[in-house]
Protein chains: 2
Amino acid sequence: MKIEGGATQNALLGLLTMKPMSGYDIKALIPQSIGNFWSESYGQIYPSLKRLAETGLVEKKTQRQKGKPDRHVYSLTEDGRARLRDWLKLPVVAEVPRHELLLKLFFGAHVSLGVSREHVTAFMEEHEKALKVYAAIAKRLRKEDAGDPQLPFWLMTLSFGRHRSAALVKWSRETLKALDELEKNAKRR
Amino acid sequence: MKIEGGATQNALLGLLTMKPMSGYDIKALIPQSIGNFWSESYGQIYPSLKRLAETGLVEKKTQRQKGKPDRHVYSLTEDGRARLRDWLKLPVVAEVPRHELLLKLFFGAHVSLGVSREHVTAFMEEHEKALKVYAAIAKRLRKEDAGDPQLPFWLMTLSFGRHRSAALVKWSRETLKALDELEKNAKRR
DNA sequence: GGGTGCATGTAATGGGTTACATGATTCT
DNA sequence: AGAATCATGTAACCCATTACATGCACCC
């Protein structure tokens with residue numbers, strides 16, 4: 001059995017397990033849920049929901065509203081739930097690496113050391129901020145969603161972020177030190 | 001000043017600082033250089049080289065060969081070098097996160113624990129293997145390229161990989177333990 | 001009067017992979 | 001005999017972002 005539609009459609013199915021939602025709702029929910037490791041734009045969400053409805057994986061209901069445009073609320077069907085489960089079981093497809101910071105650092109010898117230092121510093125600050133965000137989310141989740149059977153999985157993804165960001169902050173510090181050493185050596189002659 | 005062409009063209013310019021190369025050469029060199037954090041396909045490389053030549057950032061020379069097709073060897077021009085430096089100075093553009101493993105783990109409650117365990121295990125093994133590869137490359141680099149002014153930068157990118165992979169292996173182990181705990185708790189009732 | 005939020009959607013554009021097409025040589 | 005290596009390139013396709021288009025209501 002082949003599963004077309006790729007990860008985007010399945011991400012939407014996953015989010016719709018939480019509650020029936022419109023495309024607008026979904027977009028708004030992402031930063032509070034899978035936002036740390038996944039993103040979707042309206043340009044993907046609306047057409048994808050349409051396709052999911054056409055293939056019977058979600059059901060569409062229109063709610064009329066006064067003043068505001070109609071809301072198109074989508075809810076998961078049994079077929080949709082089954083499709084999601086099938087997709088979850090498939091092995092994770094390896095992602096092609098593309099890390100612009102490392103590319104620039106790799107060629108860092110062609111510009112001044114200050115350039116690399118700035119890139120690394122910005123990167124470090126990003127991850128320091130991320131660490132704070134993760135801590136805040138974990139705290140909130142443990143309070144608000146205590147007992148939810150999904151909570152352990154959510155905490156695992158948060159833990160991933162913490163491990164990674166902590167390691168990358170450490171790397172950043174070491175790298176900044178190494179850049180300073182290079183500078184000293186360059187001046188010494 | 002705007003720089004079009006994006007990261008791909010600049011990655012090619014960067015690689016061409018090492019030596020003049022054909023598209024084929026470049027593709028072959030990637031796994032031994034920037035392969036851990038960057039990838040390019042022929043479908044990108046050949047058209048990009050063409051465009052770089054049209055805009056005067058690289059120079060094309062054709063070497064005829066017997067039996068084999070002509071080699072089109074590209075070398076960096078002064079303009080190309082300047083362009084690369086300009087690009088290196090630009091802030092790193094933040095990449096949109098897309099991490100399929102975490103997406104699947106986030107929705108892990110919808111399938112059996114074994115599914116998540118398998119995904120995490122595969123991920124862990126990937127990074128354990130990566131750690132060995134990084135160590136081997138670092139050793140080789142320190143021997144073969146001792147004294148090269150670019151060496152420190154190359155080691156920094158390798159160090160990045162080591163820090164990250166080590167952290168992710170640690171996370172994997174903890175997560176597998178957490179999954180085991182969940183299993184025990186589920187059985188206890 | 002103007003920004004922000006609600007709410008939908010499409011079109012243009014960019015960026016990328018994969019498959020296809022070609023063809024001689026060399027290794028197994 | 002058949003696979004792998006050398007070597008180039010294009011076309012079809014997929015996926016995704018951004019900008020555009022619409023329009024009311026509410027708040028300052």
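Just so it is clear, the values below take in all heavy atoms, side chains as well, and ignore hydrogens, waters and symmetry mates.
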For this session: Between B:D25 and B:P47, name the one whose nearest nucleotide on DNA chain D is closer to the 5' end.
Result: B:D25

Problem set entry | Integer-rounded Å distance: D:dC15 P and A:L12 CG | 13 Å

Problem set entry | B:L52 and B:Y74, any side-chain heavy atoms less than 4.5 Å apart | no

Problem set entry | Test ring-ring contact (aromatic ring centres under 6.0 Å, His included) applied to A:W154 - qualifying residues, sequence neighbours left out | B:F106

For this session: Determine whether B:I30 and B:L141 fall in the same hydrophobic cluster, where Ile, Leu, Val, Met, Phe, Trp and Tyr are linked whenever their side-chain heavy atoms lie under 4.5 Å apart.
Result: yes

For this session: In whole angstrom, give the distance that lies between atom OH of A:Y42 and atom P of D:dT18.
Result: 13 Å

Seminar exercise, completed: Looking only at D:dT17, C:dG9, D:dT10, the nucleotide nearest the A:S39 side chain is D:dT17

Exercise. How close or far is atom C1' of C:dC6 from atom CZ of A:R64, stated in whole angstroms?
Worked result: 18 Å

Problem set entry | Ring centroid separation A:H119 to A:F123 under 6.0 Å | no

Exercise. For DNA chain D, what is the dot-bracket line, given that a base pair needs Watson-Crick (N1 to N3, plus N6-O4 or O6-N4) or G-U wobble (N1-O2 and O6-N3) geometry with both distances under 3.5 Å, and | means paired with another strand?
Worked result: ||||||||||||||||||||||||||||

Exercise. Do any side-chain nitrogens or oxygens of A:S22 fall under 4.0 Å of OP1 or OP2 in C:dT8?
Worked result: yes

Exercise. Please give, in whole Å, the distance from D:dG9 P to B:I26 CD1?
Worked result: 12 Å

For this session: Could you check B:L155 against B:D145 for side-chain contact (heavy atoms from CB on, under 4.5 Å), going step by step and ending with a plain yes or no?
Result: CA-CA 11 Å; B:L155 293 177; B:D145 295 278; over 6 Å; no

For this session: Name all residues meeting the salt bridge (Lys or Arg N to Asp or Glu O under 4.0 Å) criterion together with B:R173; count only those two or more places apart in sequence or in a different chain, and write none if there are none.
Result: B:E128

Exercise. Which of these nucleotides, C:dT17, C:dG5, C:dG9, is closest to any side-chain atom of A:Y24?
Worked result: C:dG5

Problem set entry | A:Q44 vs B:G43, nearer the 5' end of DNA chain D by closest nucleotide | B:G43

For this session: Could you tell me the separation between the CG atom of A:L29 and the P atom of C:dC6, rounded to a whole number of Å?
Result: 14 Å

Seminar exercise, completed: Per ring-ring contact (aromatic ring centres under 6.0 Å, His included), B:H99 is matched among A:W38, A:F37, A:F160 by A:F160

Exercise. In whole angstroms, how far is the P atom of C:dT8 from the OH atom of A:Y74?
Worked result: 8 Å

Problem set entry | Nearest to side-chain heavy atoms of A:R71, which nucleotide of C:dA7, D:dT8, D:dT18 | C:dA7

Exercise. With a non-hydrogen cut-off below 4.0 angstrom, is A:S48 in contact with a base, only sugar-phosphate, or nothing?
Worked result: nothing

Seminar exercise, completed: Whole-Å distance, A:W38 CH2 to D:dC15 P, equals 11 Å

Exercise. What integer distance in Å separates A:K50:NZ from C:dA7:P?
Worked result: 20 Å

Seminar exercise, completed: Picking from C:dG9, D:dC6, D:dC15, the nucleotide nearest the side-chain atoms of A:Y46 would be C:dG9

